[in-house]
Structure formats: structure tokens, C-alpha cells
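Down below is the structure, laid out as C-alpha cells.
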Amino acid sequence: MHAPISPPVRAIVRRAVERAWERAIAAGTLPALSDAGEVPTIEVDRPAHPEHGDLATNLAMKLARPYRRSPLEIAQILAAELERDAEAEGAVAGPDAARDAVGDDAAAADAATVLLGSPVGSVDVAAPGFLNIRLAPAFVEAAADAARRAGEEFGRVAAPRPQHVNVEFVSANPTGPLHIGNARGAFVGDLLCRVLAAAGHRVTREYYFNDFGQQVWNLGASVAAIRLGTPIPEDGYRGDYVRELAAELPEALLAGAGEPGPERDRVVGEWASERIRAGIEASLAHLGVHFDVWKSEGSLYTDGSVERALERLRAAGVVYEADGAVWFRSTAYGDDKDRVIRKSSGDYTYFGSDIGYVAEKFGRGFDHLVYIWGVDHHGTVARVRNAAEAMGFARDDVEMILVAWVRFVRDGAEVSMSKRTGEFITLDELLAEVGVDAARWFFGSRAHTSAIDFDIELAKKQSNENPVYYVQYAHARICSILRKAADSGLTAADSLDGSLADDEVSRGLAILALRLPEVVEDAATVHETQGVTAYATELATAFHAFYRDRRVVDAADPATSAARLALV
RNA sequence: GCGCCCGUAGCUCAGUGGAUAGAGCAUCUGACUUCGGAUCAGACGGUCGGGGGUUCGAAUCCCUCCGGGCGCGCCA
């Protein structure tokens, strides 16, 4: 465990606004709201334009309706109270009736206020009722100092409700190497994991794969056929990687697998699929993606997870038999048709293992499950969540993130792929061309819901103008400055105290750098990562401008945070 | 036919009901003899697919239409 994490600046200011509101009520200048449903949540955001201050709140406009008074009038009252907060050193210490009701967040914000001083410098009221707040210079300096002391820990956030989250992604079956179509899911999943971890959650990265069944038998049959020079089955696998496997297949294993037939296909297939799985793990390592758990579908049957889940559904009375098959009454939860769990042949469907997997994951103690799926799986979302609900789990704790298609394009022409025919570009080949950082940035900076074009030639050609290099260059400059400073025997000041008050450029950079925890928090709550890359670009831009206008000096302040960002 | 996702600058894409809708690329004009010019300052560029509605306020929420993607198996 490390030291308590200071709340983001935004949260501290939000608490200051809340205190101002409470004081206004206590003083009788504003009435208390009797109807709890009318109490608005206090929002504090960065205004779109710098002349509107550092932070702004729309609370007065939110209160206009319940109070039946003009937003401007309310804003004036709140502004007066906020100004008083700025002047009163002991603003927080006084009796506070609402303290119990608002909980730990408020307590943490209050504690931070005691530590760092009041955040409010000055307040302006702007039509139609915004409260524009400028941060107190001493507060910014104190907060920046705290961020420097936090070092690598800066940017981490204490989640209000920490969860143990299971994120399952990639999960491509080991019948061939990862291809470029798998890239997006891999990056999206890993970035989400990083953001969740930074936001104070426990994260488990999980890869789910099918190591038995028809696909694997076919793979085995194909490998054996090539090795022995017999024709490849019609629905078999082709491609260079199959030939390589055939060449590497140990003679003893083939001999021990016996006569041609299902048993031999199974033995050879399992060997081949494990080889491929190991290759996939290596490819993902090149991406910087490492899984905590490799979960085989077969294990869900051998350990009884699937049967237990079925029993659970049976106990809930949502299972029936018809036409020799076992069905889940998915329509009872709004689905448009019921779903088969076990076929009349006695085999389970994919859906069968899906529900077993859900229960098995919760059985391992996870609070929240995230699945990163391609949009083509969206038809299965409802039934899995329905089954989870029927088994007694919270529907909202089973979350599917559907990643939209990527059209891979080379010089304007779409690149088509088929694993069966072996015509595809592998993930390794893609990365050899465009680089891991550029690819990670590309996928991280786009919403997972939007279908995107990835032009391989363009990605290479523009690599010098790519935002990722822009951000990395900022980092390089920072390192260079630090190096130069060390060479000349300069050391960073112990404190920024007083150094930011009258320098708008430095002050702006510090405030921007202090936003990192807010960015992380937002990304984690909405499960989107593109805000992080956007922020990194913005911070780099601010730094480059700073670099131009302000020679050296307190380089140490932005360095820690910017360096971290360049790595994200 | 039903369901889900998408439509924002020439291109690729941001924008969880807030103020004058942003960034990169592309195009054009400028800038250090000093910390890395992979940089900086500026210009150009928009019926937020169309039309209604909700409200103090809509790219964002609701309805509808147009256009594109995906899904609707006892497949995996």
C-alpha cells in the first residue's frame, strides 16, 4: 500500500462549491431543498475557453428551476460564498451538517483542502449563470508540489468503489496466428485494463480459447495430411503456418497418434493448437500485452462449471426441454427467442459454455466482468446477460464492449483476409511495418464504437507527423533538458512556492498537468481510452509552447507527468 | 422485415445537455545563430446526414426519414 492519493483538483473544487452552497443555506440566503429529487449533482468542468477561468460550474442554472429564481441571482449568492471560502483559512474546519451525508469523497476533498489550502482564487459570474473559478496560485503550487512528490504514482486515482474486474479480450481460437483483425481488440482491451488499474481497480486480463472441438480436429487433420503428403481435407487449414507446423511435428508424436482418423486428428490438433497458442502469447508480448489467465473452454466442462450453471438456471425455473434439446427461456428477459443450451445430440452449444463461464468467473470473486467482442457478436450479448441475471447476478456487472470493424487499406485498396485459405497479414507483420507505439496510439485514440480505416501505407508514410511521435518528442525534450540541467550542475527547486503566480504560461502548464487524474478517472468510468491520448497531445502541445517561451528552469514539474503520459 | 452501431472540416477522427463545435493530416503564410526544427505562430476549411420535438440551452436526449455497417441457427 502507498500513501493516500489526493483527490483530483476537480473534486476539491467541487467540494468547495458544495460548501459554499451549504453555507448559503445555513445563512438563509438560499432555502434548503425539501424534495431530494430536486437536488442536482454538482458538476465542475473545465470551460471551453481559457478566459472563462480554470474551472466552471453550472450549479446556479441547475438550481434555477427548483428555486424558481433567476440563475444569475443564485450565481451571485454562490459566488459571494465561494469568495469567502477563498479568504477564510479555516473554511473547512467549521461545523458541517451535511458531512455525514456526503461521505468519504467529501472528507477526502476536505482533507486535501486543509493540506493544500483553499482552491478558489477568484470567482466570476457569467451569463446565463455560470460560475467561473480561477484557482488560487498557492493552491496550484501546492498541488503541483504534491504531484512531484507522488512521482510515478501521480495520475492514480482512488476509486470510490474499488472493484475486482475481469477483462476478457482477444480470445481468438488457436487455429492460426493472430492477424491484423485481432489488433484492435488487443489494444482496446489492454488500454482499458491499464486505465482501470490506474483508477484504483484490481484488474485481471483473461484470454479465453477453445482447445478442443471440430476446429482443432480439422487443424490436426490438415497438419497430418501435409506431413504425410496426403490431400488436405476440404474444410481444413492452409497457409504457411500450417506447413511449418507440419514440418516441425515430432515424429514420435505422429507415430504415437496411431492410424488416420479422429483420434490421430485430435492428438495432432492439440499439439498444433498449443504451439499456435504459445505463438499468440509471444505476439501479444510484442504488443506489450500480457495476460494473467489463459482459460480453456474445455476446462469449463471438466470442472463441472457448465453443469452447475445449468442447474442454477434450472433451479430458477427458466429451463425447459423441447425437441430433445435443453432451452433457456431467454424471452422471459426480453430476448426475441429462447436459446438452446444443450443440443439434442447431447453436446453443449457455445451458449452453454458461455453461461458456465459467467458463473465460473463470478465464482472466482470478480465484481465486474468485461468482454471485448467484435460487433459481429452483438447478437449474443442479450442472451448471456439474460442468463447471468437468471442465475442471480447483476446484469450490469456483465458488460460487453463491442469493437467496431477496422478496414485495413493499402494504398486505397482494401486488404481482404481469410484464415482458412491462409491469405492474411499477421499481427507481427503489421507491427514490423508500422511499429507498436504508432499502432497502439492509432487504436487508443479512436472510440471503439466507430468503424475506422487503417491505411498501412499512410501509417508508415505519416509516421513522422504522427501524434504519437509528437508526444514522444515532448518527452525526449524533457529528458534532454533534465540531462542538460544535470550536466551544468543545476538541481530542481524543492518547491514551486511562488514561482507560478505571475507566469501565465507556467501556471497553465501546471494546471493542465494536474488534470491527469481527472482524465484517468473519466476514462475508467466511461470505459473509453481516447480521452487519454487526446490529453497527452494537448499536454505535449502546451509543453512545446512552454519550451519555446520559457527557457529551462522548473522543468522538473511537468517532467514527471509528461513522461508518464508519453508511455501510456 | 426486426434489432444494435455509425453518419461531424477535403481526408482520418475527437466532442459523458452547456458558453464562439475541436485535433491531426493535407493546403497556404510566417519564426530562433542559445535547452533536440520530429518544434512554434497564424490562415484556410462546417446546412454536426435531412426534418420535427423536449428546455433556459441539443452534435449530444426523443420521434421520423435518408444513407452505410453488423446481427437475427440445435454454426463455431
Side-chain angles (χ1 to χ4, degrees), chain A residues 43 45 47-49 51-52 56-58 61-62 64-65 70-71 126-130 132 173 175 210 213-215 218 297 322-327 334-353 374-382 402-405 407 409 441-442 445-455 458-459 461-474 476-485 487-488 490 522-523 525-528 530-531 533-535 537-538 540-541 543-553 555:
Chain A
E43 293 170 31
D45 289 305
H49 299 93
E51 63 269 27
H52 292 139
T57 180
N58 59 0
M61 288 181 287
K62 286 275 184 69
R65 183 187 298 273
S70 91
F130 288 103
N132 293 329
N173 278 338
T175 54
N210 185 355
Q214 197 57 46
Q215 287 189 2
N218 286 348
E297 184 183 348
D323 303 327
V326 179
W327 297 72
D335 204 347
D336 54 352
K337 56 188 73 168
D338 291 338
R339 306 293 174 177
V340 172
I341 296 170
R342 196 170 61 203
K343 302 184 252 185
S344 55
S345 67
D347 294 331
Y348 285 93
T349 61
Y350 249 50
F351 178 54
S353 41
V375 282
D376 53 329
H377 286 79
H378 87 248
T380 66
V381 170
L402 300 177
V403 177
W405 292 118
R407 264 178 90 238
V409 173
W441 184 279
F442 181 86
S445 58
R446 284 150 175 83
H448 61 79
T449 48
S450 63
I452 52 180
D453 285 357
F454 190 113
D455 191 315
L458 212 57
K461 201 162 19 180
Q462 291 183 349
S463 64
N464 282 354
E465 303 295 334
N466 193 306
V468 71
Y469 298 110
Y470 179 84
V471 175
Q472 287 178 347
Y473 182 54
R477 272 182 159 172
I478 289 164
C479 292
S480 178
I481 288 172
L482 294 177
R483 200 164 49 237
K484 277 278 182 357
D487 287 349
S488 10
L490 293 171
D522 289 345
T525 53
V526 300
H527 289 185
E528 302 266 5
Q530 63 271 27
T533 51
Y535 170 68
T537 304
E538 193 180 349
T541 298
F543 173 76
H544 282 310
F546 166 84
Y547 175 91
R548 182 201 63 226
D549 294 335
R550 298 289 185 275
R551 189 179 166 77
V552 191
V553 286

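Here the structure is a predicted model, which is why all the values come from computation and not from measurement.
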Stepwise side chain to side chain contact (heavy atoms under 4.5 Å, CB included) test for A:T380 and A:Y350: CA-CA 10 Å; A:T380 66; A:Y350 249 50; over 6 Å; no
Under the 3.5 Å rule, do the base of B:G3 and the side chain of A:H378 count as making a donor-acceptor pair? yes
Just to be sure I understand the rule, does A:R65 reach a base, reach only the sugar-phosphate, or reach nothing, if contact means heavy atoms closer than 4.0 Å? sugar-phosphate
So, the side chain of A:R548 versus the backbone of A:H544: is there a donor-acceptor pair under 3.5 Å, distance only? no
Ignoring the backbone of A:T537, work out which of B:A23, B:G36, B:A19 is nearest its side chain. B:A23
When you compare the side chain of A:Y473 with that of A:Y470, does any pair of heavy atoms fall below 4.5 Å? no
When we call it a touch if two heavy atoms are under 4.0 Å apart, what does A:N132 touch: a base, just sugar-phosphate, or nothing? base
Describe the nucleic acid contact of A:E51 in one word from base, sugar-phosphate, nothing, applying a heavy-atom distance below 4.0 Å. base
The answer to which of A:G379 and A:A126 contacts RNA chain B further toward the 5' end, by nearest nucleotide, is A:A126
Any donor-acceptor pair under 3.5 Å from A:S445 side chain to A:Q530 backbone: no
Just call it for A:A404: base, sugar-phosphate, or nothing, with non-hydrogen atoms closer than 4.0 Å on any strand. nothing
Is the shortest heavy-atom distance from the side chain of A:L402 to the side chain of A:T449 under 4.5 Å? no
Taking side chain as C-beta onward, heavy atoms only, is A:I478 less than 4.5 Å from A:Y547? no
Closer to the 5' end of RNA chain B via nearest nucleotide, is it A:F454 or A:A322? A:F454
Of all the choices, B:A19, B:C70, B:C74, which nucleotide is nearest to the side chain of A:W405 once you look at every atom? B:C70
Closest nucleotide among B:C40, B:G37, B:C74 to the A:S344 side chain: B:C74
With heavy-atom distances below 4.5 Å as the criterion, would you say the side chains of A:I452 and A:F442 are in contact? yes
note: A:Y470, atom OH; B:A23, atom P; distance rounded to Å ~ 11 Å
Write down the distance separating the C1' atoms in B:G49 and B:C40, rounded off to the nearest Å. 38 Å
Does A:R477 have a side-chain nitrogen or oxygen under 4.0 Å from the phosphate oxygens OP1 or OP2 of B:G37? yes
Do A:F351 and A:V340 have side chains that get closer than 4.5 Å, going by heavy atoms? no
Rounded to whole angstrom, note down the C1' distance from B:C48 over to B:C35. 43 Å
Starting at OH of A:Y469 and ending at C1' of B:U39, how long is that distance when rounded to a whole Å? 17 Å
Taking B:U39 as the reference, what is the distance to B:U54 when you measure between their P atoms (whole Å, please)? 49 Å
Compare the ring of A:Y350 with the six-membered ring in the base of B:A76 and state whether they stack (centres under 5.5 Å, planes under 30°). yes
So which nucleotide from B:A19, B:G36, B:A23 ends up closest to the side chain of A:Y547? B:G36
Collect all protein-nucleotide pairs involving nucleotides 27-31 of chain B in which both atoms are nitrogen or oxygen and the distance is under 3.5 Å.
none

Pairwise side-chain contact, A:Y348 with A:S353, heavy-atom cut-off 4.5 Å (strictly under): no
Atom NZ of A:K337 and atom C1' of B:C74: how far apart are they, to the nearest Å? 13 Å
Closest of B:C74, B:C40, B:C13 to the A:D323 side chain is B:C74
Measuring only the P atom in each nucleotide, how far is B:C62 from B:G17? A whole number of Å is fine. 11 Å
For the pair made of CH2 in A:W441 and C1' in B:A23, what is the distance, rounded to whole Å? 11 Å
Just how far, in rounded Å, is P of B:A76 from CD of A:E297? 10 Å
Can you tell which of B:G22, B:A41, B:A23 lies closest to the side chain of A:A545? B:A41
The criterion is salt bridge (Lys or Arg N to Asp or Glu O under 4.0 Å); which residues satisfy it with A:D45, sequence neighbours excluded? none
Nearest-Å distance once atom C1' is located in both B:A41 and B:G18: 30 Å
Whether A:K343 contacts B:C75 is assessed here as follows: a side-chain N or O lying under 4.0 Å from the phosphate OP1 or OP2. Is that the case? yes
Nearest to the side chain of A:A48, heavy atoms from C-beta on, is which of B:A19, B:G36, B:C74? B:A19
Exam field: side chain A:N173 to backbone A:T175, donor-acceptor pair closer than 3.5 Å: no
Between B:G24 (C1') and A:D453 (CG): distance, integer Å: 16 Å
Could you measure between the two C1' atoms, the one in B:A23 and the one in B:C61, and give it in whole Å? 26 Å
For B:G7 versus B:C44, give the span between their C1' atoms, rounded off to a whole number of Å. 25 Å
How would you list, by chain and number, every residue that makes a ring pair (Phe, Tyr, Trp, His ring centres under 6.0 Å) with A:H378, sequence neighbours excluded? none
Wobble G-U and Watson-Crick pairs count when both distances are under 3.5 Å; given that, what is the 5' to 3' dot-bracket string of RNA chain B, with | for pairing to other strands? (((((((..((((....[...)))).(((((.......))))).....(((((..]....))))))))))))....
C1' spacing across the pair B:G3 / B:A21, given as an integer number of angstrom: 32 Å
Which residues pass the salt bridge (Lys or Arg N to Asp or Glu O under 4.0 Å) test with A:D338, sequence neighbours left out? none
Give the rounded distance in Å between these two atoms: NE2 of A:H377 and C1' of B:A76. 8 Å
Distance-only, no hydrogens or angles: does the A:W327 side chain make a donor-acceptor pair with backbone N or O of A:A322 under 3.5 Å? yes
Is it true that a side-chain atom of A:S480 and a backbone atom of A:A476 form a donor plus acceptor pair closer than 3.5 Å? no
Provide, to the nearest angstrom, the distance between the CG atom belonging to A:N210 and the P atom belonging to B:A76. 10 Å
Output a table of nitrogen or oxygen pairs between the protein and nucleotides 14-18 of chain B separated by less than 3.5 Å.
residue, atom, partner, partner atom, Å
B:A14, OP1, A:A447, N, 2.4
B:A14, OP1, A:S450, OG, 2.9
B:G15, OP1, A:Q530, NE2, 2.7
B:G18, N7, A:N58, ND2, 3.0

